[in-house]
Amino acid sequence: MAPTQTSQAKSLIYPFTFGDRTQSDLLGGKGANLAEMVRMGLPVPPGFTITTQACREYLASSQMSVTLLAEVETALAALESSLDKQFGDPENPLLVSVRSGAKFSMPGMMETVLNVGMTPEVAEGLAKTTGNPRFAWDSYRRFVDMFGRIVCDVPPSEFHKVEQRILENNKVSAISELDVDGLKALAEAFIKVIEVVTSKPFPVDPREHLLSSIEAVFRSWNSERARLYRRRERIPSDLGTAVNIQSMVFGNLDDLSGTGVAFTRDPATGEHGSYGDYLERAQGEDVVAGIRNTMSLQEMKEKYPVVSAELERVMNLLETHYRDLCDIEFTVERGKLWILQTRVGKRTAEAAFRIACHMVDEGKISMDEALSRTSGDQLVSLMFPQFDLSGSIKEIARGIPASPGAAVGEAVFDSKRAFDLARSGKKVILVRRETSPDDLVGMVAAEGILTSRGGKTSHAAVVARGMGKTAVCGTESISVDERAHLFTVGGLTVYEGETISIDGSTGAVYAGVVPVIASPVTAYLEGRLAAESKQATPVVKAVDRILQYADQKRTLRVRANADTPEDAVRARILGAEGVGLEGVDKRIDVIATAIRGGITAP
């Protein structure tokens with residue numbers, strides 16, 4: 001279709017040197033934070049942001065306007081000039097990433113295409129200039145893979161079949177073990193699959209790659225999983241997403257390169273200290289995809305002390321600046337640190353209460369802000385039961401505790417089946433090697449998620465924490481066979497339909513049903529556990545502090561809608577000041593009846 005003409009009062013594209021974090025309506029959350037970090041002088045790879053307005057216009061017309069196309073060319077030329085590189089030039093190529101960036105964080109829900117600008121000719125040039133042919137062809141393979149899946153809508157299962165064949169032909173078990181010829185063969189096989197699915201020749205023009213990738217990111221705003229996530233998180237559907245075009249830095253270049261995700265505090269518990277994962281010789285989504293298991297930031301510090309010290313400096317700056325837990329994506333290229341994005345990190349309910357109190361003590365926020373950063377829904381989630389480990393139980397594996405909670409259900413190995421079983425009333429645990437955004441429907445339906453790969457910053461962990469779901473990740477001792485619908489650990493085989501229990505607080509995986517007991521927060525709220533006692537956990541102390549302050553600040557009285565003596569007494573135990581909806585006489589009658597029935601009201 002031919003591009004449409006539109007008249008624009010404002011630009012549809014801004015460089016990262018424009019704006020700040022307050023402009024997320026226009027630049028999206030990622031673009032606004034990139035602009036903020038540039039203002040702070042942090043090492044951010046240069047680039048530009050296509051605004052949410054451009055996305056809304058595209059979604060309304062299903063095509064890119066003449067104005068937008070012209071602005072893309074102008075912005076790309078400015079980026080080429082600033083870096084002294086040329087897009088698509090085999091001798092001195094500029095490569096870029098194309099990333100989504102909505103106003104509100106939607107981790108893993110929309111799309112990213114890396115290494116845009118790669119062609120076989122560029123790969124040959126990179127092989128010569130870097131002296132690393134494997135890096136060059138691995139980057140080309142990654143581009144073809146992402147372009148095929150995201151732009152051309154090739155089902156991932158089709159690429160998986162090709163991967164398996166190429167790996168078997170080369171007698172290796174992972175893509176990371178392929179040599180240059182193997183990587184070339186894999187990219188060529190991917191291209192053949194793309195041409196079969198699309199019934200078109202694979203495009204060879206880098207500019208066509210760029211524009212098609214931008215359109216794919218725009219379209220991903222209305223993907224099924226993005227719509228599902230927005231409904232669950234109550235995000236308006238008419239916002240659209242910005243698109244960030246950022247010059248590439250390469251974590252897969254050499255042994256001094258890698259990529260990682262870092263949190264300024266533990267997003268699962270709220271504990272102090274930097275926390276995250278680093279993966280050597282890796283790029284882009286490798287860490288969050290959970291395809292390979294990672295090293296911790298502490299291990300990174302021991303192995304790469306200089307770059308680790310720089311990362312810690314940046315993390316401290318960002319947390320102090322944002323006055324909140326920060327989630328940071330970074331790449332190390334030949335020993336130099338680059339910050340790709342930051343955002344206020346998603347956290348569990350426990351972490352929300354504890355971090356809020358810690359930041360008050362550190363003078364970063366006021367108690368009013370601490371109160372506004374916690375919610376009733378989070379408090380309710382802290383009242384969920386925990387496992388009772390005092391009886392006879394069988395622990396079969398232990399992974400990384402990625403999102404707290406106690407979950408019991410039938411092991412299920414397919415997201416669609418997990419959704420169908422949950423809808424029929426069954427409780428299920430979704431078991432995968434690693435999850436992807438396509439698994440969202442099953443993750444929402446499941447009681448908990450168990451993966452054999454990935455860490456605390458993997459897709460499964462991040463999404464589970466955001467949804468308040470229990471998750472255990474990186475359980476290396478289990479071997480998941482998704483086709484056969486089973487996993488093995490030691491000499492034990494667990495088939496689909498068998499019940500397992502997972503503990504997101506410890507990472508333990510148990511065979512069968514493990515009984516549960518009330519949470520300490522519930523015991524505190526019911527008056528059975530004092531916040532100042534030795535038995536009170538840190539989260540109980542944090543909840544008590546927030547609730548005590550809330551009582552000081554509130555102006556409304558809270559009463560219950562209770563129709564039975566038992567309900568009235570429980571409401572009073574939990575803090576209700578009476579039964580309110582049907583008047584004082586009704587309230588007195590219900591409580592009097594409760595007392596006459598032998599139930600003691602406070």
Side-chain angles (χ1 to χ4, degrees), residues 16 30 34 37-38 40-48 79-80 82-87 89-99 112-118 122-143 146 175-176 180 183 244-262 276-289 291-292 294-295 297 299-315 317-318 328-342 457:
F16 292 166
K30 187 176 295 182
L34 284 166
M37 290 193 295
V38 169
M40 295 172 64
L42 298 184
V44 175
F48 55 89
L79 186 59
E80 289 176 324
S82 69
L83 294 173
D84 194 25
K85 295 180 178 181
Q86 296 296 312
F87 189 68
D89 178 9
E91 302 300 321
N92 186 30
L94 168 64
L95 301 178
V96 299
S97 61
V98 180
R99 297 174 182 265
T112 293
V113 185
L114 301 180
N115 303 332
V116 179
M118 282 294 285
V122 170
E124 290 286 3
L126 278 178
K128 293 177 182 176
T129 57
T130 63
N132 189 341
R134 195 188 183 287
F135 150 73
W137 288 101
D138 180 51
S139 298
Y140 180 65
R141 183 272 308 175
R142 289 169 183 268
F143 163 69
M146 288 186 168
I175 293 176
S176 58
V180 170
L183 290 169
N244 298 288
I245 311 299
Q246 190 169 36
S247 54
M248 287 295 305
V249 288
F250 297 99
N252 59 333
L253 184 54
D254 57 22
D255 290 335
L256 295 177
S257 303
T259 189
V261 177
D277 298 302
Y278 180 69
L279 195 56
E280 298 169 301
R281 280 187 172 271
Q283 188 180 58
E285 307 299 309
D286 288 354
V287 173
V288 295
I291 295 171
R292 285 191 280 149
T294 59
M295 68 171 66
L297 292 190
E299 292 171 310
M300 178 188 174
K301 183 176 183 178
E302 294 169 2
K303 194 167 184 179
Y304 306 106
V306 175
V307 72
S308 178
E310 174 65 6
L311 176 61
E312 288 187 9
R313 183 188 72 84
V314 170
M315 292 172 70
L317 278 174
L318 287 171
I328 302 160
E329 290 185 20
F330 65 94
T331 286
V332 179
E333 182 184 85
R334 287 179 168 165
K336 177 175 173 53
L337 176 69
W338 294 94
I339 306 301
L340 304 185
Q341 77 165 66
T342 193
T457 60

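No hydrogens, no waters, no symmetry mates; every other heavy atom, side chains included, goes into these values.
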Got [X] and [Y] here, is their nearest side-chain heavy-atom distance under 4.5 Å?
X      : Y      : result
Glu310 : Phe330 : no
Val116 : Met146 : no
Thr259 : Thr331 : yes
Ile328 : Gln341 : no
Glu329 : Arg99  : yes
Asn252 : Arg142 : yes
Glu80  : Asp89  : no
Ser139 : Leu126 : no

(request) Go through Thr342 and Val314 one step at a time and tell me if the side chain to side chain contact (heavy atoms under 4.5 Å, CB included) criterion holds. (result) CA-CA 11 Å; Thr342 193; Val314 170; over 6 Å; no

Considering all heavy atoms, the nearest [X]-[Y] contact:
X      : Y      : answer
Asn92  : Asp84  : ND2-O, 2.6 Å
Val96  : Phe87  : CG2-CE1, 4.1 Å
Val180 : Trp137 : CG1-CD1, 3.7 Å
Ala127 : Ala136 : N-CB, 3.6 Å
Arg134 : Ser176 : NH2-O, 3.1 Å
Pro46  : Leu83  : CG-CD2, 3.9 Å

Atom [atom1] of [X] and atom [atom2] of [Y]: how far apart are they, to the nearest 0.5 Å?
X      : Y      : atom1 : atom2 : answer
Leu256 : Lys303 : CG    : NZ    : 10.0 Å
Asn244 : Leu34  : CG    : CG    : 5.5 Å
Leu95  : Lys85  : CG    : NZ    : 7.5 Å
Leu79  : Gln246 : CG    : CD    : 9.5 Å
Phe48  : Ser247 : CZ    : OG    : 10.0 Å
Ser82  : Leu94  : OG    : CG    : 8.0 Å

(request) Would you please test Thr294 and Thr457 for side chain to side chain contact (heavy atoms under 4.5 Å, CB included) and show each step? (result) CA-CA 10 Å; Thr294 59; Thr457 60; 5.9 Å; no

(request) Can you label the angle between the Tyr140 ring and the Phe143 ring as parallel, tilted or perpendicular, going by 30° and 60°? (result)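 If you compare the ring of Tyr140 with that of Phe143, the planes turn out tilted.
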
(request) Under the side chain to side chain contact (heavy atoms under 4.5 Å, CB included) rule, what do Phe250 and Arg281 come out as? Steps first, then yes or no, please. (result) CA-CA 9 Å; Phe250 297 99; Arg281 280 187 172 271; over 6 Å; no

(message) So for atom CD, which belongs to Glu91, do other residues, nucleotides or ligands contribute more than 12 heavy atoms lying within a distance under 6.0 Å?
(response)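 It does not: Glu91 CD has 12 such atoms or fewer within range.
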
(request) Answer yes or no: does atom NZ of Lys336 have more than 12 heavy-atom neighbours from other residues, nucleotides or ligands under 6.0 Å? (result)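 Above 12, so yes.
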
(request) Show your working on side chain to side chain contact (heavy atoms under 4.5 Å, CB included) between Leu297 and Glu312 and close with a plain yes or no. (result) CA-CA 10 Å; Leu297 292 190; Glu312 288 187 9; over 6 Å; no

(message) One pair to check against side-chain hydrogen bond (donor to acceptor under 3.5 Å, both in side chains): Gln283 and Asn115. What are the steps and the verdict?
(response) CA-CA 10 Å; Gln283 188 180 58; Asn115 303 332; 3.0 Å; yes

(message) Could you check whether any side-chain N or O of Asn132 sits under 3.5 Å from a backbone N or O of Asp254, counting only pairs where one atom can act as donor and the other as acceptor?
(response)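 Flag not set: sc Asn132 to bb Asp254 has no pair under 3.5 Å.
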
